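By convention in this document, chain letters (A, B, ...) are assigned in the order of the sequence lines, proteins followed by strands, and residues within each chain are numbered from 1. Everything numeric in this text was worked out from a predicted model, so none of it was measured. Excluded from the calculations below are hydrogen atoms, water molecules and symmetry mates; all remaining heavy atoms, backbone and side chain alike, are included.
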2 protein chains.
Amino acid sequence: MRIKRNHDVAIKDRPVTAQRRLLLDILRKANSHLDAKELYQRAIERDRHISLATVYRNLRLFKEMGLVDEIRLDDVHCYYEIKHPAEHYHLVCTACGQVIEFESPLIAKLVSEVEHNCGFHTSKAVLHLEGYCNRCKNSIG
Amino acid sequence: MRIKRNHDVAIKDRPVTAQRRLLLDILRKANSHLDAKELYQRAIERDRHISLATVYRNLRLFKEMGLVDEIRLDDVHCYYEIKHPAEHYHLVCTACGQVIEFESPLIAKLVSEVEHNCGFHTSKAVLHLEGYCNRCKNSIG
DNA sequence: ATAGGTGCAAATGGTTTGCGAAAAC
DNA sequence: GTTTTCGCAAACCATTTGCACCTAT
């Protein structure tokens with residue numbers, strides 16, 4: 001592979017393979033959060049021979065490089081998304097499965113309060129709310 | 001089994017078995033959060049024949065009955081604790097593994113802010129902070 | 001008596017890994 | 001030419017399940 005694309009620079013000090021370019025492209029264009037299998041299924045439409053192992057290996061790599069965020073929204077599997085410049089968290093509708101992003105200055109406030117009270121140094125906050133989105137709340141009851 | 005103990009009442013509408021009594025007793029006396037395997041290992045010291053399947057089945061039952069809380073503090077497995085009267089969340093030290101409980105009125109504030117802004121109805125908040133506890137922060141750097 | 005629980009071993013399902021072939025550098 | 005990745009199949013590990021037997025009610 002010769003031609004450099006937008007996100008090739010993102011993969012620094014590592015070989016730029018067609019598979020990596022493909023996976024990053026799918027993640028970039030996805031406006032939702034994908035799990036490994038979903039990513040794999042979208043990938044295989046463009047590259048018949050890509051393997052699930054490659055998807056997992058590269059998701060791990062992307063995560064280690066800080067390119068993608070890994071979020072565990074349920075007990076079953078992880079979801080991946082291109083790292084946003086702005087920190088955000090998620091609402092998960094347990095009725096329709098919709099995932100909504102949100103952010104709030106209260107989170108930073110909470111973290112610094114806890115750090116102050118407990119002498120704890122926070123490197124990562126795991127946070128999401130489960131419940132019913134506006135639509136499901138009204139229709140299901 | 002005939003003799004009723006403290007927590008037998010907790011298991012309502014379900015047979016009170018020796019295994020259930022044992023598991024609840026271990027969970028009660030544990031001052032830390034146990035995963036299924038740890039619980040199983042403590043249980044097998046008192047009942048040589050208890051099986052891991054029974055541990056999992058009853059943890060699920062206890063969870064459904066609202067007797068225990070299931071928390072996923074890492075990607076590998078879940079931890080279980082007897083349900084506290086007071087809502088609380090956890091700090092996880094990624095250096096020493098220590099788990100510290102905390103609570104803050106900011107969490108309720110955050111939830112109601114999000115509900116107001118997004119029209120979301122929250123049934124459960126998943127929250128924990130990862131980082132370094134006071135000791136590790138100072139000793140490791 | 002009978003509904004429900006238990007132990008065992010096998011299955012499940014997401015994720016990881018060993019290995020020889022292939023591609024990137 | 002050397003280093004890294006890939007595809008495949010097998011391994012892994014937490015959790016679940018089918019089944020024959022046992023226990024609480």
**Message:** Would you say B:T17 places a side-chain N or O within less than 4.0 Å of OP1 or OP2 belonging to C:dG4?
**Reply:** no
**Prompt:** Under 4.0 Å between a side-chain N/O of B:R14 and OP1 or OP2 of C:dG4, yes or no?
**Reply:** no
**Item:** Under the salt bridge (charged side-chain N to carboxylate O under 4.0 Å, His left out) test, residues paired with B:E70 that sit two or more places apart
**Value:** B:K63
For [X] and [N], give me the distance from atom [atom1] to atom [atom2], rounded to whole Å.
X: A:E64; N: C:dT15; atom1: CD; atom2: P; value: 15 Å
X: B:Y40; N: D:dT16; atom1: OH; atom2: P; value: 16 Å
X: B:D47; N: D:dT23; atom1: CG; atom2: C1'; value: 14 Å
X: B:R20; N: D:dC22; atom1: CZ; atom2: C1'; value: 14 Å
X: B:I50; N: C:dC8; atom1: CD1; atom2: P; value: 11 Å
X: B:Q41; N: D:dA14; atom1: CD; atom2: C1'; value: 14 Å
X: A:D75; N: C:dT15; atom1: CG; atom2: C1'; value: 16 Å
X: B:E38; N: D:dC13; atom1: CD; atom2: C1'; value: 17 Å

**Request:** Among D:dA14, C:dG7, D:dC6, find the nucleotide with the atom closest to the side chain of A:Q19.
**Result:** D:dC6
**Asked** Hey, is B:R42 close enough to B:E38 for a salt bridge, meaning N to O under 4.0 Å?
**Response** yes
**Message:** Between A:K29 and A:D25 (salt bridge meaning N to carboxylate O under 4.0 Å), is one present in this structure?
**Reply:** yes
**Request:** Examine distances only and state if a side-chain atom of B:R72 and a backbone atom of B:V126 form a donor-acceptor pair shorter than 3.5 Å.
**Result:** no
**Asked** So which heavy atom on B:N134 is nearest to which on A:C118, and how close?
**Response** CB-O, 4.3 Å
**Item:** Steps toward side chain to side chain contact (heavy atoms under 4.5 Å, CB included) verdict (B:L129, A:F120)
**Value:** CA-CA 9 Å; B:L129 305 185; A:F120 192 82; 4.3 Å; yes
**Request:** Assign each of B:P15 and B:H77 to its nearest nucleotide of DNA chain D by heavy atoms, then name whichever residue's nucleotide is nearer the 5' end.
**Result:** B:H77
**Message:** Expected output is a numbered-order residue list: members of residues 51-61 of chain B with a heavy atom under 4.0 Å from any atom of DNA chain C. What is it?
**Reply:** B:S51, B:A53, B:T54, B:R57, B:N58
**Request:** Give a yes or no on whether A:H84 atom NE2 has more than 12 heavy-atom contacts from other residues, nucleotides or ligands under 6.0 Å away.
**Result:** yes
